[in-house]
Amino acid sequence: MANPVNAIIDTDPGVDDLLAILLALRSPELRIEALTTGGGNCSLSDATRNALRIIELAGRMDIPVYRGSARPLRGSYRFATHFHGPRGMAGRLPEPKIRASSANAIKALAARMGMESPPVTLIALGPLTNLARLLARHPECAKRISNLIVMGGAVDAPGNVTPFAEFNTWCDPEAAELVFRSGLDMTLIGLDVCNAVKLPKSYADRTSGPVGRVLRSWFKLHGQPHSLTMADVLAVAAACDPSLFTYERIPLRVITEGEERGRTVRAAGGVEIKTAMKVDAARTLDMFRSRLLD
């Protein structure tokens, strides 16, 4: 196997963030250097606390957690605790014993992107606010980001928070549009593929420990549905094995005004972005199950 890829995860945990981060930490293709947090699924404070809980759960206290943006570029976040559970996490993970770094996420990312540092892959699981602020304040950092994998957007699929918009792009469409136009080598993992990969309830019923408790609490919160859409897991899966997906290069832009605010659209004059349009759901679920649940 080739040497693992240096990666940083930007996140707003979130039940599916929990699963995605644990998958990343158990994947030999990746060397996770840090987590950066922001608001989105929940407040920045809760997202950071949840990230620390996940790091402790995985026994990876060597990985620093940096607090990022509490607010989007415009307005305020509207949290998804109705979906993820109180304070962003159904069930209860133990309170963390470790603390977040005193360094701000944007400053920490800028320092990491120093010219003598090796390039890094960024895996963005939440709104793109932290990355947009990094690029606005430190545009030279773009040269040190070898790959950006974004869970966000919905090209041909309907939205999941409005009829048009996926939650992450809807939370901060100005940040998403800025990042789309940054020229970064970017892969978009949106609802076009995320809706095709679901964790059956039977897996949650067989999973022990804190992860099992969180999953069972989530299913109980939602009236025992048959499955959980694992959107953020697919961004990590794409970092581990890009061959799980079929991609198209599509000119895209993000609408920032009106009733379609947050919508990701095909647009003449948009930026061509490598976009996942199909996924091998069985292989993706097998990867997740073998690395996290078996």
Side-chain angles (χ1 to χ4, degrees), residues 1-38 40-42 44-68 84 87-105 107-109 111-113 117-126 130-131 145-149 151 199 207-215 230-241 287-294:
M1 177 180 293
N3 291 331
V5 171
N6 295 317
I8 295 172
I9 297 177
D10 189 65
T11 182
D12 59 341
V15 172
D16 58 333
D17 301 72
L18 162 71
L19 301 178
I21 294 166
L22 291 178
L23 175 62
L25 295 175
R26 298 185 185 182
S27 292
E29 298 89 351
L30 303 176
R31 180 188 294 113
I32 305 303
E33 296 185 2
L35 303 185
T36 56
T37 62
N41 287 328
C42 53
L44 172 62
S45 177
D46 287 335
T48 304
R49 184 180 297 108
N50 290 339
L52 293 167
R53 287 167 163 159
I54 295 166
I55 288 296
E56 283 199 356
L57 175 63
R60 291 300 307 275
M61 285 77 80
D62 57 303
I63 296 176
V65 175
Y66 299 101
R67 292 167 56 96
H84 291 278
R87 306 185 76 173
M89 193 69 66
R92 183 175 290 277
L93 294 175
E95 283 297 314
K97 297 181 176 64
I98 57 175
R99 295 184 178 183
S101 171
S102 60
N104 171 272
K107 290 183 178 178
L109 287 170
R112 167 59 181 84
M113 306 301 172
S117 300
V120 65
T121 289
L122 294 185
I123 304 173
L125 306 182
N130 285 338
L131 184 55
I145 300 172
S146 58
N147 189 16
L148 169 65
I149 301 174
M151 191 279 117
L199 180 71
T207 304
S208 61
V211 174
R213 289 197 296 274
V214 167
L215 290 174
M230 300 190 297
D232 289 337
V233 169
L234 270 68
V236 172
C240 295
D241 185 358
M287 170 192 282
F288 177 81
R289 185 184 64 243
S290 65
R291 297 184 182 189
L292 198 60
L293 298 184
D294 286 352

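- Not a single donor-acceptor pair under 3.5 Å links the side chain of Ser27 to the backbone N or O of Glu29.
- Side-chain atoms of Ile9 and Ile32, non-hydrogen and from C-beta on, do get closer than 4.5 Å to each other.
- Side-chain contact between Asn147 and Ile123 is absent, with no heavy-atom pair separated by less than 4.5 Å.
- At least one side-chain heavy atom of Pro13 sits under 4.5 Å from a side-chain heavy atom of Ile54.
- Between Glu56 and Arg49, no side-chain nitrogen of the basic residue sits less than 4.0 Å from a carboxylate oxygen of the acidic one, so the salt-bridge criterion is not met.
- Listed for the Asp232 side chain is no donor-acceptor partner under 3.5 Å among the backbone atoms of Ala20.
- Residues Asn6 and Arg112 form a side-chain contact, since some pair of their non-hydrogen atoms from C-beta on lies under 4.5 Å apart.
- In this structure, Leu93 and Asn50 have side chains that are not in contact, with every pair of non-hydrogen atoms separated by 4.5 Å or more.
- For the side chain to side chain donor-acceptor pair (under 3.5 Å) with Thr36, the lone residue among Asp10, Thr11, Asn104 that qualifies is Asp10.
- Distance CG/Leu292 to CG/Leu23: 6.5 Å, rounded to 0.5 Å.
- Remark: the backbone N or O of Gly88 is not paired with any side-chain donor or acceptor of Asn41 at under 3.5 angstrom.
- Atoms CG and NZ, on Leu52 and Lys97 in that order, are 12.5 Å from each other to the nearest 0.5 Å.
- The shortest distance between side-chain heavy atoms of Met61 and Pro96 does not fall below 4.5 Å.
- For the atom pair Thr121 OG1 and Glu33 CD, the distance stands at 9.5 Å (nearest 0.5 Å).
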Pair Leu19, Phe288 - check side chain to side chain contact (heavy atoms under 4.5 Å, CB included), show working. CA-CA 9 Å; Leu19 301 178; Phe288 177 81; 3.9 Å; yes

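- In this structure the side chain of Ile21 reaches within 4.5 angstrom of the side chain of Leu35, judged on heavy atoms.
- How far CD1 of Ile145 is from CG of Leu122: 4.5 Å, rounded to the nearest 0.5 Å.
- Atom OH of Tyr66 sits about 13.0 Å away from atom CG of Asn130, to the nearest 0.5 Å.
- Checked against salt bridge (charged side-chain N to carboxylate O under 4.0 Å, His left out), Arg53 has the following partners two or more places apart in sequence or in another chain: Glu95.
- With contacts defined as side-chain heavy-atom distances shorter than 4.5 Å, the pair Pro4/Leu30 does not qualify.
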